[in-house]
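The structure appears below as structure tokens.
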Amino acid sequence: MVLPEDVSRFVRASGPGHIEVQERMAAFAADHDFPNIGPESGAVLRLLARLTDADTVFEFGSGFGYSASWFLRGGADRVILTEFDADELDQGREFMTEAGLADRCVFEDGDAMETIDRYDGPFDAVLIDHQKERYADAFRAVRDKLSPGGVVAADNVMRGPIDFDALLAHAEGVAAGDDTAEDAENPGAALATANDQTRGIADYLDTVRDDDAFETAVLPVGSGLAVSTRVE
Ligand SMILES: C[S@@+](CC[C@H](N)C(=O)[O-])C[C@H]1O[C@@H](n2cnc3c(N)ncnc32)[C@H](O)[C@@H]1O
């Protein structure tokens with residue numbers, strides 16, 4: 001039997017390594033116990049940028065630029081980084097400048113949910129990786145700003161500050177038609193005692209799966225990535 005940790009090691013060992021600046025970002029994250037997206041999901045972001053031939057990428061929650069660096073490796077012309085911790089954003093600016101990547105970055109200090117209102121798009125790729133309770137709102141804020149064929153990736157749909165067992169019970173309940181939830185405030189039975197982050201992820205997955213203009217697949221890489229593409 002293949003164990004989940006072996007699958008994770010295999011995906012990591014078979015995927016791309018870090019470039020120099022990512023090595024330093026990863027060391028900085030380890031020193032500060034900072035939850036970046038990791039190389040397994042980073043490789044998917046690189047792939048998404050490449051497959052969409054991305055001109056513009058928007059991120060909700062950029063930290064100090066690790067996830068953005070993967071989109072840039074995939075050839076994205078421009079990444080809009082949003083972060084409400086000004087020190088983290090400054091650190092990101094420093095990393096990107098040292099790596100010669102800063103001219104392809106826009107650094108937006110402040111609440112990503114307000115920053116998005118100042119952009120019309122179109123975006124070819126979007127990463128949602130900020131407050132889990134606000135994922136569905138973030139999706140609603142960008143859905144009409146995506147190019148046709150554009151993608152939205154949401155991190156932490158399987159791991160993080162969430163109760164995976166409750167999410168699993170909810171997903172199976174929805175599939176069987178007996179755990180429907182209108183929104184995070186009115187969760188289905190499986191989520192009744194779950195924390196706000198778990199409800200936020202469940203609400204997000206319900207929202208993207210119910211949207212006929214999008215097709216969604218959940219990838220069990222890193223902390224779990226939900227990838228949705230605009231088909232209408
Ligand atoms: C999981 S980390 C992001 C990691 C980053 N995507 C990466 O992989 O390198 C989440 C970040 O989102 C930021 N954040 C949370 N809510 C935010 C918001 N509403 N607006 C801007 N930044 C936010 C946090 O300060 C934190 O740095």
Side-chain angles (χ1 to χ4, degrees), residues 12 15-16 18-19 21-49 54 57-74 76 79-96 98-99 101-102 104-119 123 125-142 151-162 184 195-198 200-201 203-204 219 221-227:
R12 183 170 294 210
H18 284 145
I19 58 174
V21 68
Q22 292 176 326
E23 204 57 66
R24 286 187 289 115
M25 288 172 165
F28 186 87
D31 283 352
H32 294 81
D33 203 17
F34 182 85
N36 67 28
I37 203 160
E40 298 155 46
S41 296
V44 176
L45 302 186
R46 183 179 72 160
L47 184 69
L48 295 177
V57 174
F58 189 95
E59 290 194 334
F60 290 85
S62 295
F64 46 83
Y66 179 83
S67 47
S69 72
W70 283 101
F71 282 122
L72 292 169
R73 277 185 75 178
V79 180
I80 300 157
L81 294 87
T82 68
E83 180 52 62
F84 62 18
D85 182 319
D87 292 339
E88 284 178 27
L89 198 65
D90 282 345
Q91 185 62 54
R93 196 180 282 108
E94 204 174 306
F95 278 130
M96 294 297 191
E98 285 166 9
L101 296 170
R104 290 159 65 199
C105 298
V106 180
F107 298 94
E108 292 280 7
D109 184 2
D111 189 335
M113 303 302 294
E114 293 171 13
T115 304
I116 188 60
D117 288 341
R118 289 191 276 107
Y119 285 87
F123 305 124
V126 169
L127 174 66
I128 302 181
D129 193 16
H130 65 326
Q131 295 142 303
K132 312 308 156 208
E133 316 84 274
R134 299 173 91 186
Y135 271 31
D137 286 340
F139 175 74
R140 284 185 278 270
V142 290
V151 291
V152 182
D155 192 33
N156 294 113
V157 303
M158 294 174 66
R159 239 181 267 148
I162 55 162
N195 64 20
D196 289 347
Q197 289 100 326
T198 304
I201 295 292
D203 186 25
Y204 178 80
L219 308 181
V221 292
S223 298
L225 267 187
V227 181

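Numbering of ligands and ligand atoms starts at 1, following listing order.
- A donor-acceptor contact closer than 3.5 angstrom is absent between the side chains of Glu59 and Thr82.
- Taking any N or O of Ser67, backbone or side chain, at least one lies under 3.5 Å from an N or O belonging to ligand 1.
- With a heavy-atom cut-off of 4.0 Å, Phe60 does not touch ligand 1 at all.
- Taking every heavy atom of both residues into account, Ser223 and Ser41 meet most closely at N-OG, 4.3 Å.
- Taking atom 20 (N) of ligand 1 as the reference point, the nearest protein heavy-atom neighbour is Ala112 N, 2.8 Å.
- Of all atoms in ligand 1, numbered sequentially from 1 with element shown, those under 4.0 Å from a heavy atom of Gly63 are 27 (O).
- In terms of protein heavy-atom proximity, atom 12 (O) of ligand 1 is nearest to Gly61 CA, 3.3 Å.
- Residue Gly65 has no N or O atom closer than 3.5 Å to an N or O atom of ligand 1.
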Stepwise side-chain contact (heavy atoms from CB on, under 4.5 Å) test for Val152 and Val227: CA-CA 6 Å; Val152 182; Val227 181; over 6 Å; no
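- Assignment of Arg134 to the shell around ligand 1 is supported, since a heavy atom sits closer than 4.0 Å.
- Distances between N or O atoms of Asp111 and those of ligand 1 include at least one value under 3.5 Å.
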From CA spacing to verdict: side-chain hydrogen bond (donor to acceptor under 3.5 Å, both in side chains), Gln22, Ser69: CA-CA 7 Å; Gln22 292 176 326; Ser69 72; 2.9 Å; yes
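- Note on Arg134 versus Asp137: no salt bridge recorded, every NZ/NE/NH1/NH2 to OD/OE distance being 4.0 Å or above.
- Annotation: Arg24, atom CZ; neighbour count of heavy atoms from other residues, nucleotides and ligands within 6.0 Å is above 12.
- Relative orientation of the His130 and Phe60 rings is tilted, given thresholds of 30° and 60° on the angle between their planes.
- Among all non-hydrogen protein atoms, the one lying nearest atom 26 (C) of ligand 1 is Glu83 OE1, 3.5 Å.
- Contact detail for Tyr204 and Ile128: the closest heavy-atom pair is CE1-CD1, 3.8 Å.
- Residue contacts with ligand 1, taken as heavy atom pairs separated by less than 4.0 Å, do not involve Met25 at all.
- Some N or O of Glu88 is nearer than 3.5 Å to an N or O of ligand 1, by distance alone.
- For the pair Phe84 and ligand 1, the shortest N or O to N or O distance falls below 3.5 Å.
- Within the model, atoms CD1 of Ile80 and CD1 of Ile116 stand 7.5 Å from one another, a figure rounded to the nearest 0.5 Å.
- When hydrogens are left out, the protein atom nearest atom 1 (C) of ligand 1 is Pro35 O, 3.3 Å; that is the closest non-hydrogen contact.
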Between Tyr66 and Phe64, does the ring pair (Phe, Tyr, Trp, His ring centres under 6.0 Å) criterion hold? Intermediate values first, please. CA-CA 6 Å; Tyr66 179 83; Phe64 46 83; 7.9 Å; no
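- Taking each of Asp129, Asn36, Ile37 in turn, the one with a heavy atom nearest to atom 6 (N) of ligand 1 proves to be Asp129.
- Counting atoms of ligand 1 from 1 in the listed order, those under 4.0 Å from a heavy atom of Gly110 are 20 (N), 21 (C).
- In this pair, His18 and Trp70 present their aromatic rings tilted. The plane angle is within the 30 to 60° band.
- Interface atoms of ligand 1 facing Tyr66, defined by a heavy-atom separation under 4.0 Å, are 9 (O).
- Gln131 OE1, 2.8 Å is the protein heavy atom nearest to atom 19 (N) of ligand 1.
- Heavy atoms of Ser62 found under 4.0 angstrom from ligand 1 belong exclusively to the backbone.
- Contact detail for Phe34 and Gly63: the closest heavy-atom pair is CZ-CA, 3.6 Å.
- Residue contact check for ligand 1: Gly160 places no non-hydrogen atom closer than 4.0 Å to it.
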